[in-house]
Amino acid sequence: MALARHFEARTEQTLNALCRLCAYAGGLVLVSAALITVASVTGRAFLFVGLGPVRGDFELVEMSCAIAIFAFMPWCQLNRGHVTVDVLSNRLPPRAQAVLGALGDLAIAVVSGLILWRLYLGFAEKFPYGSDSFRSAFAMGSKPYYPETTYELEMPVWIPYGLSTLGAVLFFVVSVFTVWRAVNWVIVGEEGEL
């Protein structure tokens, strides 16, 4: 008697593929940040032969870490990989455990919506393109007078904001889906296999 169980299974397959792809992309971004760090440290160690640090290494690593975090969040939520404290809940009946899981998923859905909202506003504030009608249609406010860039590389700040916002959108969609899945688990009476 679950809510659209067949559609839930198909949606989960689609989200699983999207989240996996997003996590792989985040992994590549994180590996590139690690390689930049290694190259920069190695360059600093060999200053005497004419090498040097990677220009703007701290900016690149900072942006890469932010993008990677938002790329990993959907996969983590889909697989219920967030930290939980199960000291007391493991002794409860299966339906009570499912209810607590649903409440946790609901809380994460609310928080992911808040994160998406604030991150989108930050992106909109830094995005220097689009007509006034386009920007008002997407609640982006007015264009910035001077597009913000990083200090050393002068890279536009809206690019990492935009990539992080894409990850936050998927995180929110997955969070809403996990609430639906958790409600079905409550109806069935126990949490299903992930």
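As the structure is a prediction and not an experimental result, all values here were calculated from the model.
- Note that the CG atom of Asn79 and the CZ atom of Arg20 stand 8.0 Å from one another [nearest 0.5 Å].
- More than 12 non-hydrogen atoms from other residues, nucleotides or ligands lie less than 6.0 angstrom from CZ of Phe48.
- With a 4.5 Å cut-off between side-chain heavy atoms of Ile, Leu, Val, Met, Phe, Trp and Tyr, the cluster of Val83 takes in none.
- When only modelled atom types and interatomic distance are considered, Arg44 and Ser40 share a side-chain donor-acceptor pair under 3.5 Å.
- For Glu152, the side chain to side chain donor-acceptor pair (under 3.5 Å) criterion is met by no residue, not counting sequence neighbours.
- Listed by chain and number, the residues in a ring pair (Phe, Tyr, Trp, His ring centres under 6.0 Å) with Phe58 amount to none (sequence neighbours excluded).
- In terms of hydrophobic clustering, with Ile, Leu, Val, Met, Phe, Trp and Tyr side chains grouped at heavy-atom distances under 4.5 Å, Val41 and Leu35 are assigned to different clusters.
- Contact annotation: the side chain of Leu15 approaches that of Leu170 to within less than 4.5 Å [non-hydrogen atoms, C-beta and beyond].
- Trp180 and Val99 end up in different hydrophobic clusters when Ile, Leu, Val, Met, Phe, Trp and Tyr side chains are linked at under 4.5 Å.
- Among residues at least two apart or in separate chains, side-chain hydrogen bond (donor to acceptor under 3.5 Å, both in side chains) pairs with a member in residues 99-109 are Gln77-Asp105, Arg80-Asp105.
- Pro156 has its side chain out of reach of Pro147: every pair of non-hydrogen atoms, C-beta onward, lies at least 4.5 Å apart.
- Of the inter-residue distances, the one linking Leu78 atom CG with Cys19 atom SG reads 5.0 Å to the nearest 0.5 angstrom.
- Here the side chain of Gln97 pairs a donor or acceptor atom with the backbone of Asn90 at under 3.5 angstrom.
- Applying the under-4.5 Å side-chain rule to Ile, Leu, Val, Met, Phe, Trp and Tyr, the cluster around Met63 extends to Ile36, Val54, Leu60, Val61, Leu153, Met155.
- Judged as a side chain to side chain donor-acceptor pair (under 3.5 Å), and not counting sequence neighbours, the contacts of Ser133 are Ser131.
- Taking every heavy atom of both residues into account, Ala124 and Arg135 meet most closely at O-NH2, 2.8 Å.
- For Phe123, the ring pair (Phe, Tyr, Trp, His ring centres under 6.0 Å) criterion is met by Phe127, not counting sequence neighbours.
- At least one side-chain heavy atom of Phe177 sits less than 4.5 Å from a side-chain heavy atom of Glu8.
- Applying the 6.0 Å contact sphere to CG of Leu88 captures no more than 12 heavy atoms from other residues, nucleotides or ligands.
- Counting heavy atoms from C-beta outward, Ile108 and Thr178 have side chains that stay 4.5 Å or more apart.
- Applying the ring-ring contact (aromatic ring centres under 6.0 Å, His included) test to residues at least two apart or on different chains, none of the pairs has a partner in residues 67-89.
- Ile69 and Leu116 sit in two unconnected hydrophobic clusters of ILVMFWY residues. Membership requires side-chain heavy atoms under 4.5 Å apart, directly or through other members.
- Hydrophobic clustering, with ILVMFWY side chains joined whenever heavy atoms are under 4.5 angstrom apart, groups Leu114 together with Leu121.
- Between the side chain of Arg95 and the main chain of Glu190, no donor-acceptor pair closer than 3.5 Å is present.
- Within the structure, the side-chain hydrogen bond (donor to acceptor under 3.5 Å, both in side chains) test picks out the following pairs touching residues 111-120 (sequence neighbours left out): Ser112-Ser175.
- Between Val174 and Phe171, the closest side-chain pair of non-hydrogen atoms is not below 4.5 Å.
- Using a 4.5 Å heavy-atom cutoff, the side chains of Leu3 and Arg181 are not in contact.
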Give every donor-acceptor pair under 3.5 Å between a side-chain atom in residues 158-165 and any protein atom, sequence neighbours left out.
unit_1	atom_1	unit_2	atom_2	d
Ser164	OG	Pro160	O	2.9
Thr165	OG1	Tyr161	O	2.6

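- Between Glu59 and Tyr151 there is a side-chain heavy-atom pair separated by less than 4.5 Å.
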Which donor-acceptor pairs under 3.5 Å do side chains of residues 22-33 form with protein atoms, sequence neighbours excluded?
unit_1	atom_1	unit_2	atom_2	d
Ser32	OG	Leu28	O	3.4
Ser32	OG	Val29	O	2.6

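- Grouping the Ile, Leu, Val, Met, Phe, Trp and Tyr side chains by contacts below 4.5 angstrom, directly or via other members, places Val169 apart from Leu166.
- Under the ring pair (Phe, Tyr, Trp, His ring centres under 6.0 Å) criterion, Phe134 pairs with Phe138, sequence neighbours left out.
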